[in-house]
Amino acid sequence: MDKEMDKELDERMNEAVVEARRSYQDRDRKRRRKRKIRKAVAVIILLGAVCLTVGLVTHHFAGRAFRTEKQFQEFASRAYDEEVLYRENEKTEVKCTFDKEFSVATRMSDECSDEIMSYRDKRMESVTQYYKDEYCSEDDDMSYALIWDVSVDKSGTGADSLVISSRLYGENDEEVTLIADNVETHLYSEETGRGLQPLQVLNTNYRDKAAEYVVSHLEKKYGDKLKPGWETFTAPEDANYNKFAFCGDNIVFYFDEDTVLDRSEGTLAVNVPSRIMEDSLRAQVLERYIDPNAPMVAITYDDGPGGESEERILDCLEKNGSVATFFYLGSRVKTNPDVIKRAVDMGCEPGNHSWNHPQFTKLTKKEMKKQVAKTQEAVEKACGSEPEVFRPPYGDQNDKVIETVDMPAFLWTVDTLDWKTRNPKKIFKSVKNKKKLDGSVILMHSIYDETADATELIVPWLREHGYQTVTLSELVEYKTGRTPADGTLYRSIK
Ligand code: ZN
């Protein structure tokens, strides 16, 4: 009996154990199923998140890219909406020219004189070429987008303003970056169409007035966002306040990228209300004005009159309200007397560079005199006035030469080597890389296309950096207080 009971008890216990095990297995199965579901949900959520992120990134990237024509059009219209618009601009159409490597978008109005339009187009062409040469290379996978925003304003002050702004973006597979942001401004006489310098339109006190307003405006508006050292770029000095445009009721001053604000913010435009500048406006636009206290540079061109290249140089000087000194070769004058007349009418100075470019140290006194006199005569016939400055061919001279020629004789302080390199960028760099240009005499030759190309880079650059261009005689007068003296050699002018 006991044994049977034991057996039964055993069986029951076994059943209980089996039961317990079964229910444990059941629970375990359920738990595992739950865990699986949870895992699946987690995976789904994770996948979703990944998809969303990828979606967002590609969407974001799509708006910031320009690898296809459609992308580029969207990019350009966004750039105009958000970034490039520095000033109130009447609604003008945007033109997009897509290219896999270098796309260009342009917004501008055609309501301006033919002269301004032709200068504007040339300038845009030369800047575009500069960017292409500087950045495009076949070995990288970058594509570029150049965004132009150009406007012309008639101000009623006697000066029309042309503002040309360009932004260059580069895209590789990861990101789009702003490579360059540049604004240039030009003033034109409403009456003559010629380029004007700021001080032909505004009084010398204009920088103080503008600076006072700009500094307090920037402090209020940007505070801590101002870049350390920003004060240097807003002090009332020549180079800081020569980029401006008359625009409606404001004068808009432009400050380059990476000066007042961080580079990523691009160029900064500050509207100064006209009423603040009222006392600074000249009653009448002056056809020429030299500020004795501002830095000045004399550009000189030898070996002309040149042909088309010299015409281009004159176009560039004229549109920038700039002048130069041209040392002509008498023997060439009759081939192109019109450019001499045009240069002199513009305020440029004619110079004597001998009849046919001999080495003067190898000539007799008589030969020297003949070289000079024949050239004086030819130039006077072409433009109505005799040259008052002389430059010996090759710069080759000695005391005998200087005494015999008996005119103020000029060498140079910046040798661009344009005749040797025939490379516009190198010629430009030879000027740009000089630390102090005030009082410099720049040597170029007006007979090369590359020199005309370089002039189109140098002259706007000088303007932008606060340099006035003057003739050699003006440079001597302003720097020494005396008119140039006959029989004197000027190597540098201080
Ligand atoms: Zn020469």
Side-chain angles (χ1 to χ4, degrees), residues 297-314 317 323-337 339-340 343-344 348-364 367-380 382-383 386-398 400-402 404-424 426-427 430-431 440-455 458 471-473 475 484 488-493:
V297 167
I299 308 175
T300 63
Y301 294 95
D302 289 7
D303 297 357
E308 206 186 311
S309 55
E310 194 157 315
E311 293 278 7
R312 281 178 56 205
I313 289 168
L314 290 173
L317 293 171
V323 295
T325 301
F326 289 86
F327 286 103
Y328 300 117
L329 286 173
S331 60
R332 295 186 58 123
V333 167
K334 61 175 177 302
T335 63
N336 204 348
V339 291
I340 302 182
V344 171
C348 291
E349 179 169 41
N352 186 324
H353 194 41
S354 83
W355 181 256
N356 59 2
H357 219 273
Q359 264 187 279
F360 266 48
T361 53
K362 294 191 172 155
L363 300 185
T364 64
E367 283 167 333
M368 285 186 226
K369 285 198 179 292
K370 198 172 167 197
Q371 285 277 338
V372 172
K374 274 177 80 182
T375 304
Q376 290 292 88
E377 207 177 293
V379 174
E380 190 186 9
C383 70
E386 271 196 346
E388 289 176 2
V389 289
F390 171 76
R391 175 172 284 158
Y394 313 102
D396 175 49
Q397 45 72 37
N398 55 25
K400 185 180 148 196
V401 170
I402 302 304
T404 309
V405 170
D406 201 27
M407 289 172 75
F410 287 85
L411 297 180
W412 52 85
T413 61
V414 179
D415 192 349
T416 62
L417 296 176
D418 59 337
W419 58 275
K420 197 169 166 189
T421 66
R422 304 284 293 268
N423 178 326
K426 282 190 181 156
I427 301 167
S430 68
V431 174
S440 295
V441 178
I442 299 169
L443 170 64
M444 288 193 271
H445 299 79
S446 54
I447 49 176
Y448 306 116
D449 284 340
E450 295 85 350
T451 301
D453 295 338
T455 297
I458 292 169
T471 65
L472 278 175
S473 294
L475 187 63
T488 302
L489 177 68
Y490 294 89
R491 288 174 187 278
S492 67
I493 297 137

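All ligand and atom numbering here is 1-based and tracks the order in the structure. Residues take their numbers from the sequence shown, with the count starting at 1.
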Subject >> Qualifying residue for side-chain hydrogen bond (donor to acceptor under 3.5 Å, both in side chains) with Asp303, from Arg391, His357, Arg332 >> reply: His357

Subject >> Donor-acceptor side-chain pairing of Thr361 and Asp396 below 3.5 angstrom >> reply: yes

**OP:** Indicate whether the side chain of Thr455 and that of Tyr301 have a donor and an acceptor atom separated by less than 3.5 Å.
**Re:** yes

Original post:
Is a side-chain N or O of Asn336 found less than 3.5 angstrom from the main chain of Gly306, in a donor-acceptor match?
Top reply: yes

Subject >> Non-neighbouring partners of Arg491 that pass salt bridge (Lys or Arg N to Asp or Glu O under 4.0 Å), sequence neighbours left out >> reply: none

Original post:
Which residues and atoms, counting only protein N, O or S, are under 2.8 Å from the Zn ion (ligand 1)?
Top reply: Asp303 OD1, His353 NE2, His357 NE2

Original post:
Any ion pair linking Asp453 and Arg312 (charged N to carboxylate O, less than 4.0 Å)?
Top reply: yes

